[in-house]
Every structure is written in structure tokens, then in C-alpha cells.
Amino acid sequence: MSALANVQLDFIKGEALDVAAESAKGTPMVLEFWATWCPPCRQTIPHLTQLQKKYPDIPFIGVTNESKSVAAPFVSQQGAQMDYRVAADVNNSANIALMQKFGAKGIPTAFVIDRNGKVSWNGHPADVGFESALAAVQAQRKVEKNTKSKDELMSMSVKELKAILADHKISAAGCVEKADLVERVLDHCS
């Protein structure tokens, strides 16, 4: 299940996205938590804009727990300097799904969601690891869940079965027979 399955956002700037649906379709994205009153958050805005331009296929969304009436004038004042989507967190859903779940205490904090709906990185958006995570997610392909039956898997080659496991980052170690590989695929990739 996607890390964003229950997240609801009310967009202030940019095209509205159903983040849960987009994540389920394999769209990677960045959710960056910020507030208008936060000086470090304001300092990262130009950096986030630069990264959004560098990675146009990865939607960046600045998420605030402030009301639209508080955040919208600030966002409007920023103009092109804040050139990525901005949204208000509906019912604290994004905060619960990401900030609380991952124990993040302060802002700004960014979360990189990969093509499989998993959080691949979180931390301060000025951290060098942030851009590395973006590059990795951009290069990543969505890993499809196995939908094949046991019989269909048994008809595949050992090489194909190992490739399925490798795509899911599951080791084939200890699988002595083809049936062992099939069981591992059914247990971990379905």
C-alpha cells in the first residue's frame, strides 16, 4: 500500500493532484512540510524550485498545516520563486502518514516517495542526500506485483524467477530448487 493512501491535500498553487491515486499509478513525488512562519522553510524555497525544474517528472508539493487563508497570500507573494505545487494538509492526513509515522519532528522536512509508493528518503531538503534520492527515484522503474499463479511461475525459467526476486530486492539465496524460487516469489512479490 502506498505511503500516501490516506493523504488528502487542498491545493493552493499548481495543478491539483490526487496524491494517493498518482502514487498508486507509479508516480514518484516529493512532499515537503513547511510553514509561512518558519525561516529555514523560507530559505529552502529557491532550492526546491531549482530541483523541481531539474526533475520535472517528479511533482514537488509544499505541504503546510496552516489554513489556506494564511498560506495563500504568502505563496502568492513568492510568485515564481516558489515554482512548485503548494497545498494545505486536510485533517492533518499528510502529517499523520509521513511526519508522525517516520518520527520527523521539525520543518522543513521533505519525503521522497518512489514509484512503488514507498518513502525512499526523508530529511532536510538542503541535505545532499535529497538530490541523490531524487536521481535514484527518477531512474527507478515501477516494480509490478506478481499476479502469476504457482503453475505459471513453475513454467518460467530459473533466470526469469531470479529476475523477479531481484526487481523486488529479494535474495534468491538458499533457493536450491526451482520450486524454492517459486515459493519465494509467491511469499514476497505478490
Side-chain angles (χ1 to χ4, degrees), residues 1-36 38 40-66 68 71-72 74-75 78-145 167-169:
M1 183 161 89
S2 168
L4 305 179
N6 298 314
V7 173
Q8 295 179 332
L9 301 175
D10 188 6
F11 282 81
I12 298 166
K13 181 176 183 173
E15 181 184 345
L17 283 180
D18 178 340
V19 294
E22 287 299 314
S23 180
K25 287 193 294 189
T27 304
M29 62 188 74
V30 171
L31 273 72
E32 186 261 344
F33 291 82
W34 71 287
T36 61
C38 167
C41 299
R42 292 194 304 263
Q43 290 171 350
T44 62
I45 291 170
H47 177 63
L48 291 167
T49 294
Q50 287 175 340
L51 290 175
Q52 176 64 97
K53 288 178 180 173
K54 186 173 181 178
Y55 298 96
D57 296 334
I58 301 174
F60 281 52
I61 306 167
V63 179
T64 183
N65 65 357
E66 297 171 294
K68 277 180 94 168
F74 176 85
V75 171
Q78 294 300 303
Q81 183 174 318
M82 192 176 209
D83 201 10
Y84 50 91
R85 291 173 174 90
V86 180
D89 190 359
V90 176
N91 297 322
N92 218 24
S93 62
N95 187 293
I96 291 166
L98 297 172
M99 294 288 285
Q100 290 180 24
K101 181 176 179 180
F102 288 88
K105 301 292 184 205
I107 54 174
T109 297
F111 290 84
V112 177
I113 312 301
D114 71 14
R115 294 186 190 280
N116 297 304
K118 308 279 188 239
V119 174
S120 66
W121 184 90
N122 70 293
H124 194 286
D127 186 305
V128 294
F130 181 40
E131 189 164 359
S132 297
L134 292 170
V137 164
Q138 185 175 37
Q140 176 191 37
R141 62 185 175 86
K142 182 170 174 55
V143 177
E144 299 296 330
K145 289 188 175 187
D167 282 349
H168 287 85
K169 296 183 173 49

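Being a predicted model, the structure only gives us computed values, none of them experimental. For reference, positions follow the sequence shown, starting with 1.
- In this structure, CD on E32 lies 12.5 Å from CG on N122, to the nearest 0.5 angstrom.
- For the atom pair D57 CG and Q52 CD, the distance stands at 9.5 Å (nearest 0.5 Å).
- Distance alone, capped at 3.5 Å, is enough to place a donor-acceptor pair between the T49 side chain and the D83 backbone.
- Between atom CG of residue D89 and atom CD of residue E66 there is a gap of 11.5 Å, rounded to the nearest 0.5 Å.
- Put simply, the side chain of Q138 never gets that close to the backbone of Y55: no donor and acceptor are under 3.5 Å apart.
- The shortest heavy-atom contact between A3 and A97 is O-CB, 3.7 Å.
- Every pair passing side chain to side chain donor-acceptor pair (under 3.5 Å) that includes a residue from residues 100-113 is listed here, sequence neighbours excluded: N95-Q100.
- Residues P59 and R85 come closest through the heavy atom pair CB-NH1, 3.5 Å.
- Pairing each heavy atom of A71 with each of T36, the nearest pair is CA-CG2, 4.0 Å.
- For the pair T44 and W34, the minimum side-chain heavy-atom distance is 4.5 Å or more.
- M29 is listed as a side-chain neighbour of L4, based on a closest heavy-atom distance under 4.5 Å.
- With hydrogens and angles ignored, the 3.5 Å screen pairs no side-chain donor or acceptor of H47 with any backbone N or O of A126.
- Of the inter-residue distances, the one linking I45 atom CD1 with F74 atom CZ reads 4.0 Å to the nearest 0.5 angstrom.
- When all heavy atoms of G117 and S23 are compared, the closest pair comes out as CA-OG, 3.4 Å.
- Note: N91 CG to I96 CD1 = 8.0 Å, rounded to the nearest 0.5 Å.
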Report all side-chain donor-acceptor pairs from residues 9-22 shorter than 3.5 Å, counting only partners two or more places apart or in another chain.
unit_1, atom_1, unit_2, atom_2, d
D10, OD1, K68, NZ, 3.2
K13, NZ, G79, O, 2.8
K13, NZ, M82, O, 2.5
D18, OD1, A20, N, 3.3
D18, OD1, A21, N, 3.1
E22, OE1, T27, OG1, 3.1
E22, OE2, K25, NZ, 3.0

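- Two residues are said to be in side-chain contact when any heavy atoms from C-beta on lie closer than 4.5 Å; I113 and L98 meet this criterion.
- Evaluated for a ring pair (Phe, Tyr, Trp, His ring centres under 6.0 Å) with F111, the options W121, F60, F33 yield exactly one hit, F33.
- With contacts defined as side-chain heavy-atom distances shorter than 4.5 Å, the pair S120/V112 qualifies.
- P108 approaches P125 most closely through the heavy-atom pair O-CD, 3.6 Å.
- For N116 (side chain) and K118 (main-chain N/O), no donor-acceptor pair under 3.5 Å exists by modelled atom type.
- Nearest heavy atoms, R115 versus V137: NE-O, 3.4 Å.
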